[in-house]
Amino acid sequence: YRNRLIAALKMYVHNYQFIEITGFIYDDKGRLSKEKCQSGYKNSVFEEVENCVHTYFENKEEIHMTSNIEGRPDAKIYNTYNDQHKIIEQRMDRISDGMIYWEKMEYDNNGDLLRILCLSESGEIENIYEYFPSLNGLTSGYKSISEKPYIREHKYLFNERGHWINQAVMNDGVPHLYYDREITYY
């Protein structure tokens, strides 16, 4: 399958120091089937390895995550998709001790994300995120409706091909995170 991501390299921008590399393998239908993330490179050996195996059943996907990182237990993610292949429900459980999170997503007629409902283990709504209109397929931000409401905005700078190369994330108008991205095309 052409135009599929085969690897992603993460480095510190200020000194180009290696953080991690992730490789991707796809099944015969072009769906992601395996991911292998390697980090902690010392003495020519990757010290930390995380693996994800993706399994598909009709409109459902199960991702089994294993890791040799101390303190990080194995986990599973369960995704349910709508007819437009958008996730409408996602739940993540630790194999050893249960639910980490459970979310349901709602979309408009154009397929843009409208809101995410964050659920408790019993299925009760704990928080709601209402999304602003997207920009070039990317989120421009959202409003959290919870006990402590806030607004998170995403501002982008795009390259000549329309891919983002800078992103600023702001909470209630105050800069929170800043990302630079360098893209190499082949």
Side-chain angles (χ1 to χ4, degrees), residues 1-8 10 22-37 50-65 75-94 98-146 149-171 177 179 181 183-186:
Y1 287 86
R2 298 186 60 153
N3 300 321
R4 298 273 189 225
L5 185 65
I6 58 170
K10 190 185 290 186
T22 303
F24 305 97
I25 298 173
Y26 300 88
D27 67 12
D28 58 356
K29 294 183 180 178
R31 301 173 302 191
L32 188 59
S33 64
K34 293 181 184 172
E35 301 172 64
K36 184 174 188 174
C37 179
E50 293 179 285
N51 290 296
C52 295
V53 176
H54 299 250
T55 308
Y56 301 90
F57 313 93
E58 295 179 9
N59 68 331
K60 298 186 182 302
E61 174 187 23
E62 186 176 293
I63 305 166
H64 187 189
M65 302 166 57
K76 283 194 176 184
I77 298 175
Y78 304 92
N79 293 328
T80 303
Y81 296 88
N82 64 14
D83 292 339
Q84 290 76 40
H85 306 289
K86 304 237 181 209
I87 295 176
I88 56 172
E89 185 172 351
Q90 184 174 68
R91 181 178 170 131
M92 183 175 189
D93 293 330
R94 282 190 191 94
M99 189 182 92
I100 298 171
Y101 67 86
W102 183 10
E103 298 176 337
K104 291 189 177 186
M105 293 74 166
E106 298 175 0
Y107 300 88
D108 65 16
N109 292 335
N110 296 323
D112 290 330
L113 185 61
L114 286 177
R115 69 186 53 84
I116 294 178
L117 307 172
C118 301
L119 307 174
S120 68
E121 206 156 354
S122 64
E124 299 291 322
I125 295 174
E126 293 183 329
N127 194 8
I128 299 172
Y129 295 101
E130 290 186 346
Y131 279 76
F132 305 140
S134 63
L135 175 66
N136 292 353
L138 302 168
T139 182
S140 61
Y142 58 84
K143 177 171 59 171
S144 172
I145 302 170
S146 64
Y150 65 91
I151 293 176
R152 175 165 285 175
E153 296 174 276
H154 299 253
K155 305 287 184 183
Y156 300 95
L157 178 64
F158 297 92
N159 68 11
E160 64 281 349
R161 292 192 181 189
H163 300 123
W164 73 266
I165 53 173
N166 303 101
Q167 178 191 28
V169 179
M170 301 184 311
N171 286 345
L177 297 168
Y179 299 98
R181 185 165 86 158
I183 303 171
T184 303
Y185 299 97
Y186 296 94

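Owing to the predicted nature of the structure, the values given are computational and were not obtained by experimental measurement.
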For a 4.5 angstrom cut-off between non-hydrogen side-chain atoms, does [X] reach [Y]?
{"X": "Glu35", "Y": "His54", "result": "yes"}
{"X": "Arg91", "Y": "Glu121", "result": "yes"}
{"X": "Phe24", "Y": "Ile6", "result": "no"}
{"X": "Asn136", "Y": "Tyr156", "result": "no"}

Would you compute the distance between atom [atom1] of [X] and atom [atom2] of [Y] and round it to the nearest 0.5 angstrom?
{"X": "Met170", "Y": "Glu153", "atom1": "CE", "atom2": "CD", "result": "4.5 Å"}
{"X": "Thr80", "Y": "Glu58", "atom1": "OG1", "atom2": "CD", "result": "11.5 Å"}
{"X": "Leu119", "Y": "Glu89", "atom1": "CG", "atom2": "CD", "result": "7.5 Å"}

Identify, with sequence neighbours excluded, every residue that meets side chain to side chain donor-acceptor pair (under 3.5 Å) alongside [X].
{"X": "Ser120", "result": "Ser122"}
{"X": "Asn171", "result": "Arg152"}
{"X": "Lys76", "result": "Glu62"}

Can you list the residues that meet the ring-ring contact (aromatic ring centres under 6.0 Å, His included) rule with [X], with sequence neighbours excluded?
{"X": "His163", "result": "Tyr185"}
{"X": "Tyr101", "result": "none"}
{"X": "Tyr142", "result": "Tyr129, Tyr131"}

Could you work out, with salt bridge (charged side-chain N to carboxylate O under 4.0 Å, His left out) as the rule, every residue matching [X], not counting sequence neighbours?
{"X": "Arg115", "result": "Glu106"}
{"X": "Glu61", "result": "none"}
{"X": "Glu126", "result": "none"}

Taking side-chain contact (heavy atoms from CB on, under 4.5 Å) as the definition, give me every residue that meets it alongside [X], ordered by chain and number, with sequence neighbours left out.
{"X": "Ser146", "answer": "Asn127, Ser144"}
{"X": "Asp83", "answer": "none"}
{"X": "Asn51", "answer": "Lys36, Val49, Thr66"}

